[in-house]
Amino acid sequence: MLLGAGCAGGEDVENPGSASSEGPVQEVVGPAGLERCEDVAAVTPSLEGNLGARQNPDPAVMDLIGAYRDEHAGTFGGTWIDRAYRVVVVAFTDDPEAHREAILTYPPPGGDSEADLRPLGEQSEVTIDVVQVRYSKAELEGMHQQIMGAVSGRDFADSLMTLVLITKNRLNLSLFNPPEGTLDELVELVPDVGAVCISVSYLPEQPTGPLELIPDLDVEDPLVICHGIPPVPYSRLVDPPPIDQVDHPAVEALRAELEAPGAEPMPTGRWVVISIGDDLATFAALSPDSFGHAEFRRHGDRWRLGGVGIGPSCEPTVALPDGLNRLNRVAISLDPGSPPDPDSRTIHVLATEQACASGREMGDDLQGPQVVETDSAVLIAFVAIPLAERLVNCQGNPSTPVTIELSRPLGDRTIYDGLYVPPKPLEPESE
């Protein structure tokens, strides 16, 4: 086992890459003394180890580290796996060198461990980096309790969440759509501004006017999304090149992960290249019933795994324009109580908000429809203005019946959800 000691700031989470997603816009402007969380540097370990990007240390080793942590709870600042440097990091507020020496010989002779009685330094090849931080985890958690008690009953209480960011040695004060004046009020309640950082998320300003979302596939190559991949032109998903046909360092990094022994398995399927940029590469594992994905980010001259996941088969949907995101998505189905009538100029659909919305009725927050009629098809699209609240639950949302007027009788035309690429035929809502 290799150990090192140094000074750093410190997240009691593995150091994952961020998978791409649509979501609220992050816009932070804080009063003097409150640092933006995105500006707070995370720890940079002094050692680089050999832990695989998807490999976890032996649980027995982590248990021993946990036991040592419990014996030093007053100065313990956190422990996490830094995937970029492939090390386990342990933080304390006092001398890291003393903890380094103690960890090497832990557990002490005569310990009551029922498993391997050898000192920790002899049990594993995993590299452990010991760092020094300013605040203990207990101090940050205590500050969380103090701040949440102080804001109770205030106008912005429901818009505030706090999270201990161990890898930054800060308490993150996270606000979502806060009322005006919240930041100035909040700074007065913080006992130590050096121990906190702030992030504020706002929903993007919603566009007004008629919807113009459905692409003309005869002339456009629209941007589309699938689970876990950034927006890419639809043509990239039609026939992506297999990794065997692409020579790039990111592809070699993917191959190394696919062949790494003793690691958590990668998605299975035919691996293809979705996109490779200067600093981000995205790959997909295609199979008949699943869509796996992996993201690699460039760190200096190396490409490292940033995120991996798997979901159902990819059904590309239009990447919504600025001001709209995944929170605006609406599912459409045919109303089973009013099936399409070829002789009618009206069709009846059910629109269902996809974001968590506490089971609300959309009412005027349902925007649309946009309707595009051709000789063979009727394409429909809706969006919803999401709730501007943080505290929402995912109990399921009711469907809203909508009657759509056509320019002429439906005839034998097919009705589609126009935000899928290619458009997806509508089916009656399932029971």
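Please read all numbers here as calculations on a predicted model, not as lab measurements.
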Should [X] and [Y] count as side-chain neighbours, where that means a heavy-atom distance under 4.5 Å?
X: R83; Y: L51; answer: yes
X: V87; Y: I81; answer: no
X: S201; Y: N177; answer: no
X: T414; Y: S376; answer: no
X: P96; Y: V131; answer: no
X: D417; Y: I380; answer: no
X: F291; Y: I229; answer: yes
X: L223; Y: V318; answer: no

To the nearest 0.5 angstrom, please state how far the [atom1] atom of [X] sits from the [atom2] atom of [Y].
X: I415; Y: K424; atom1: CD1; atom2: NZ; value: 15.0 Å
X: E180; Y: E185; atom1: CD; atom2: CD; value: 12.0 Å
X: D82; Y: D129; atom1: CG; atom2: CG; value: 9.0 Å
X: L254; Y: T282; atom1: CG; atom2: OG1; value: 11.0 Å
X: H72; Y: D70; atom1: NE2; atom2: CG; value: 10.5 Å
X: Y68; Y: T79; atom1: OH; atom2: OG1; value: 12.5 Å

Does atom CD of E212 have more than 12 heavy-atom neighbours, drawn from other residues, nucleotides or ligands, at distances under 6.0 Å?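 For E212, atom CD is not crowded (no more than 12 foreign heavy atoms under 6.0 Å).
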Side-chain donor-acceptor pair under 3.5 Å between [X] and [Y], yes or no?
X: T352; Y: N397; value: no
X: N172; Y: T162; value: no
X: H99; Y: D94; value: yes
X: E71; Y: Y106; value: yes

With distance as the sole test, does [X] use its side chain to make a donor-acceptor pair with the main-chain N or O of [Y] at under 3.5 Å?
X: E220; Y: D216; value: yes
X: R86; Y: N50; value: no
X: D221; Y: Y234; value: yes
X: Q395; Y: S358; value: yes

Can you name the one residue among V187, L163, L183, L160 that meets side-chain contact (heavy atoms from CB on, under 4.5 Å) with L173?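 Checked V187, L163, L183, L160 against L173; only one passes side-chain contact (heavy atoms from CB on, under 4.5 Å): L160.
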Would you mind listing every side chain to side chain donor-acceptor pair (under 3.5 Å) that reaches into residues 363-373, with sequence neighbours excluded?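 Sorted result for residues 363-373: R360-D365, E373-S407, E373-R413.
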Which heavy atom in [X] sits nearest to a heavy atom in [Y], and how many Å separate them?
X: T93; Y: S136; result: CG2-N, 3.4 Å
X: P316; Y: L237; result: CG-CD1, 3.9 Å
X: H293; Y: H227; result: CD2-O, 3.3 Å
X: A357; Y: L387; result: O-CD1, 3.5 Å
X: P425; Y: Y416; result: N-CD2, 3.4 Å
X: P422; Y: L217; result: CA-CD1, 4.2 Å

Pairs touching residues 227-247 that satisfy salt bridge (Lys or Arg N to Asp or Glu O under 4.0 Å), sequence neighbours left out: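 Non-adjacent pairs meeting salt bridge (Lys or Arg N to Asp or Glu O under 4.0 Å): D244-R255.
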Salt bridge check: are [X] and [Y] linked by an N-O gap of less than 4.0 Å?
X: R302; Y: E48; answer: yes
X: E35; Y: R170; answer: yes
X: R298; Y: D279; answer: yes
X: R297; Y: E295; answer: yes

Stepwise, does the side-chain contact (heavy atoms from CB on, under 4.5 Å) test hold for Q132 with D95? CA-CA 7 Å; Q132 186 174 25; D95 182 12; 5.8 Å; no
I'd like to check the side chain to side chain donor-acceptor pair (under 3.5 Å) partners of S290; sequence neighbours left out, ordered by chain and number.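 With sequence neighbours excluded, S290 shows a side chain to side chain donor-acceptor pair (under 3.5 Å) to S287, given in chain and number order.
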As a quick check of understanding, evaluate side-chain contact (heavy atoms from CB on, under 4.5 Å) for I243 and V272, giving each step before the final call. CA-CA 5 Å; I243 60 174; V272 297; 5.8 Å; no
Parallel, tilted or perpendicular, as decided by the 30° and 60° cut-offs, for the rings of F76 and F92: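 Taking F76 first and then F92, their aromatic rings stand perpendicular (interplane angle over 60°).
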